[in-house]
Each structure stands twice: as C-alpha cells, then as structure tokens.
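These notes are about the structure you will find just below.
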Amino acid sequence: QVQLVESGGGLVQAGGSLRLACAASGGTVSNYDMAWFRQAPGKERDFVARLRKYGSSTNYADSVKGRFTIFRDNDKNTVYLQMSSLKPEDTAVYYCAARSTASQSFNYWGQGTQVTVSS
C-alpha cells in the first residue's frame, strides 16, 4: 500500500506563494489518481485539486481556480500543489490523497500539513 507524506506548509502573507509536496513510498504516483484536500478549523474537509492517472488531466475547486496548480514529478515519485495569490481563507490543513483502480473514492491519505495565510 502506498504511503503519503506531505511537506511544505507554513506561514505566508496574503498574496504570497507556497508549494506543497506529497512524497509517495510503497507505490508509484503515476499508478494512482492523486488529489489535494483541505480542512479549516471547525469545517468539513473540502476538495481542492485532482490529477488523473491517465492523460494528466486536472480538476480544481472553484475557490482555487487560476491560483493553484497540481502536478507530478514521476522521477521523484512526488505530487505537488503550487499555490499562488494566497488568501486568508486558504488557511487550513492540506491533505494529499491517492485513489487506486479498485476504489471509487480516495483511499490513501497523508497526515496533512498546516498552511496559514496572514492578512
């Protein structure tokens, strides 16, 4: 089973940029649909971005379109989330997730990394 570890979170000012990384072990990211989710305090976990296994097609939540980009580096077995023009409402714990071909939902999750955007 694939293990996922997020990194790159931290404190950033509004309007700034941050890049999150999701390093995989025990599996190859190119064999999974990959995604990022986030959860703010007191709120439900929300979808942020998805990268399909085939064709590298992407999908984004409306709240982050034009500002966030999901991509993978197969040589490093890592998926990234490039975040730009950050807003205070982007503050949340960000989670990396993977979906195997046998699952209809994302079934592998990382521990999360905190992103805090100050105004």
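These numbers come from a predicted model, not from an experiment.
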Query raised in the report: From Y95 OH over to T113 OG1, what is the distance, rounded to the nearest 0.5 angstrom?
Result: 10.0 Å

Requested in this report: Might you confirm whether atom CD of Q111 has over 12 heavy atoms from other residues, nucleotides or ligands at distances under 6.0 Å?
Outcome: no

Query raised in the report: How long is the span from the CG atom in L4 to the OG atom in S25, to the nearest 0.5 Å?
Result: 8.0 Å

Query raised in the report: Would V2 and Y80 show up in the same hydrophobic cluster when neighbours are defined by side-chain heavy atoms closer than 4.5 Å?
Result: no

Query raised in the report: Say you draw a straight line from CZ of R50 to CZ of F106; how long is it, rounded to the nearest 0.5 Å?
Result: 6.5 Å

**Report entry** Expected output: side-chain T116 to main-chain L11 donor-acceptor under 3.5 Å
**Finding:** no

Query raised in the report: Any side-chain donor-acceptor pair under 3.5 Å between R99 and Y32?
Result: no

**Report entry** Pairing of K53 and D33 as salt bridge, 4.0 angstrom limit
**Finding:** no

Requested in this report: Please check if the side chain of R45 supplies one atom and the backbone of Q39 the other of a donor-acceptor pair under 3.5 Å.
Outcome: no

Report task. Could you check if a side-chain atom of L20 sits within less than 4.5 angstrom of a side-chain atom of W36, using non-hydrogen atoms only? Result -> yes

Query raised in the report: Does the ring centre of F37 sit less than 6.0 Å away from the ring centre of W109?
Result: yes

Query raised in the report: Quick one: OG on S84 to CZ on R67, what's the gap to the nearest 0.5 Å?
Result: 9.0 Å

Report task. Indicate yes or no for a side-chain donor-acceptor contact from E6 to the backbone of C22 under 3.5 Å, with no hydrogens or angles considered. Result -> no

Query raised in the report: Do F47 and Y60 belong to the same hydrophobic cluster, where Ile, Leu, Val, Met, Phe, Trp and Tyr are linked whenever their side-chain heavy atoms lie under 4.5 Å apart, directly or via other members?
Result: no

Query raised in the report: Under 3.5 Å, is there a donor-acceptor pair between the side chain of N74 and the main chain of T28?
Result: no

Requested in this report: Please report the shortest heavy-atom distance between A14 and S119, naming the atom on each side.
Outcome: CB-CA, 4.3 Å

Query raised in the report: Taking the side chain from T78 and the backbone from K76, do they hold a donor-acceptor pair closer than 3.5 Å?
Result: yes

Report task. Using a strict 4.0 Å threshold on nitrogen-to-oxygen distance, state whether D90 and K87 make a salt bridge. Result -> no

Query - Same apolar cluster (I L V M F W Y, side chains within < 4.5 Å links), I70/Y108 - result: yes

Query raised in the report: Quick one: CZ on F68 to OG on S17, what's the gap to the nearest 0.5 Å?
Result: 9.5 Å

Report summary line: In terms of heavy-atom contacts, S63 and R38 come closest through OG-NH2, 3.4 Å

Query - Interatomic distance, L51 atom CG to S57 atom OG [nearest 0.5 angstrom] - result: 7.5 Å

Query raised in the report: What is the minimum heavy-atom distance between G10 and L18, and which atoms define it?
Result: N-CD2, 4.0 Å

Report task. Could you tell me whether the side chain of S103 and the main chain of S105 form a donor-acceptor pair under 3.5 Å? Result -> yes

